[in-house]
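Numbers restart at 1 for each chain; the letters A, B, ... are given by sequence-line order, proteins then strands.
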2 protein chains.
Amino acid sequence: MATKCENCPLRRRDAFEDLSAEDVRFMQRFKMGEMIVDPGTPILMEGSNSPQLYTALHGMGLRYKLLPNGERQVVSFIFPGDFIGLQAGIMGEMGHSVEATTKMTLCVFDRASLWQFFKERPERAFSLTWLAAVEEHFLGEAVSTLGQRTALQGVAWALVRVFLRGKSLGMERGGQMAFPFKQQDLADALGLSLVHTNKTLGILRKRQLAHWTEGELRVSDLQALADLAMVETTAPPVRPIL
Amino acid sequence: MATKCENCPLRRRDAFEDLSAEDVRFMQRFKMGEMIVDPGTPILMEGSNSPQLYTALHGMGLRYKLLPNGERQVVSFIFPGDFIGLQAGIMGEMGHSVEATTKMTLCVFDRASLWQFFKERPERAFSLTWLAAVEEHFLGEAVSTLGQRTALQGVAWALVRVFLRGKSLGMERGGQMAFPFKQQDLADALGLSLVHTNKTLGILRKRQLAHWTEGELRVSDLQALADLAMVETTAPPVRPIL
DNA sequence: CGAAGTCTTGAAGTCGGTCAAAAGGCGTGG
DNA sequence: CCACGCCTTTTGACCGACTTCAAGACTTCG
């Protein structure tokens, strides 16, 4: 039983831009259905040209690239509301793979409908480009982290980003939120070894800055953590939703 | 004396998509003029919301981010044909700074005209999004490099990317092209120290893979360099031009 | 209860950083 | 024409942040 766009739970979150009733009807036209996937399911593969595009409704996932030597680089964590498949939709080829970490519900669109956005609904096309720009912005920050931050600063940066994002999505309650990934995932996101990531998390725990255990992230002193990470604690900008 | 879009030298390069005569006329309407800047000139600042957007006509530049502690991360090198200011144009805020490395000629557009693209010329808007997607693709690769490649592989990766890009722009002749940056720039792009970058370049030179001296990059054995870097030697995809 | 996956901890090794200094190019001014 | 200062590149020695290797503890599940 697919959710109607009209009743989409995401739109109520203040992380997202408001949509006009007309826009909602327009999007509904292109929603092909919903897909529910189990943890670990591959959603899109690097190099593929999927005819389907997705928006994450529930659950979380990973974007990652595999190098020829087998190393894995996690590019970003996928939160509810994230659009999946922009590169395939625009360039015809994904630059990374995507897989579900938790059970996920995905809103499914037809790749061809993207062009309709541009032709019939410039506002929607603009929103799509906005999402691309947001992603570029984030990746620039990630590059800075990998290039210039120490392991401790890098881990702190990642946890701050995750926490602020979760907060804007209403996932946080009492300084705590679900973050159902493995330490290996974070290690692969930061270009660190699992062992060092583990020890670094231990330091943050001992310093009473952040506790991440059993899939729950608790940030005790956001400001101190952000200072260590050299980032602002401002909420992520309100973003469009597709 | 500003170049007419009609006579734009870039459009002849096979790195770029063809534009219809109509598209060219459309772009000409929004070209406010040309700006010539000297080496070292800042073009856009991180956090700024410039009313002007640019396309690089001649010359090369750098995108970079500064961390609060003074470290600099070079995000990418700017080649002729690159669009500058997409983030400001779409989100209203640049995520990085941009400066000229050589003397540059920039084609100047009004930020407000972007919206005209979406409203009147969906094809042009699509091209803009394409550029954003290409950038995202590239940054994903950069993240992988910073996270997973060794210094030697990273330097090799950067030189391969630069060389292939230059080739597609017709900048290469006899296995050689201009690459007028400092070792410090490359070091900041790869998150390495200047000293180590220098020594690593020395290794590539000794192995007869790549010689980069006095602003000239010569790649003797592209395939071997690419193998070391773990990248394909395929030309970058044909991209749109604004 | 055993197997597999994840987290944790310790010890040893290395890649790349930091420090220091010298060499080379280039423009300016005496 | 040479001397000087400034910038970039190069080289050597030492150091440390992070990796690798190894093994034990804890959880989950068949």
Nearest-nucleotide 5' precedence on DNA chain D, B:Val195 against B:Lys182: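 Result: B:Lys182.
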Between [N] atom [atom2] and [X] atom [atom1], what is the distance in whole Å?
X        : N      : atom1 : atom2 : result
A:Phe181 : C:dT6  : CZ    : P     : 14 Å
B:Leu146 : C:dG16 : CG    : P     : 12 Å
A:Gln148 : D:dC18 : CD    : P     : 13 Å
B:Glu214 : C:dA23 : CD    : C1'   : 14 Å
A:Leu190 : D:dC18 : CG    : C1'   : 13 Å
B:His196 : C:dC19 : NE2   : C1'   : 16 Å
A:Ile203 : D:dA17 : CD1   : P     : 10 Å
A:Asp188 : D:dT19 : CG    : P     : 11 Å

Does [X] put a side-chain nitrogen or oxygen below 4.0 Å from OP1 or OP2 of [N]?
X        : N      : value
A:Asn198 : C:dT8  : yes
A:Arg205 : C:dC7  : no
B:Gln183 : D:dT10 : yes

Tell me if a side-chain donor or acceptor on B:Gln52 pairs with a main-chain N or O of B:Arg111 at a distance below 3.5 Å.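 Not at all, since once roles are kept as given, no pair shorter than 3.5 Å links the two residues.
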Would you please classify the geometry between the A:Trp157 ring and the A:Phe138 ring as parallel, tilted or perpendicular, with 30° and 60° separating the classes?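 Rings of A:Phe138 and A:Trp157: parallel, under 30°.
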Mind checking whether A:Trp212 and A:Phe179 have parallel, tilted or perpendicular rings, split at 30° and 60°?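 Rings of A:Trp212 and A:Phe179: tilted, as their planes differ by 30° to 60°.
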Over all atoms of both residues, closest heavy-atom pair of A:Met104 and A:Ala56: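 Where A:Met104 meets A:Ala56 most closely, the heavy atoms are CE-CB, 3.8 Å.
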How many angstroms lie between CD in A:Glu141 and CG in B:Leu139, if you round to the nearest 0.5 Å?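 Rounded to the nearest 0.5 Å, the CD-CG separation comes out at 12.0 Å.
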Out of [options], which nucleotide sits closest to the side chain of [X]?
X        : options               : value
B:Leu194 : C:dT8, D:dT19, D:dT9  : D:dT9
B:Thr213 : C:dT18, C:dT8, D:dT10 : D:dT10
B:Thr150 : C:dG16, D:dA22, C:dC7 : C:dG16

On the side chain of B:Lys199, is there an atom forming a donor-acceptor pair with the base of C:dG17 - under 3.5 Å, no angle test?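 When only heavy-atom distances are counted, B:Lys199 does not reach the base of C:dG17 through any donor-acceptor pair under 3.5 Å.
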Assign A:Gly154 to base, sugar-phosphate, or nothing according to its heavy-atom contacts below 4.0 angstrom with the strands shown.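 Nothing: the residue A:Gly154, judged by heavy atoms under 4.0 Å, touches no strand.
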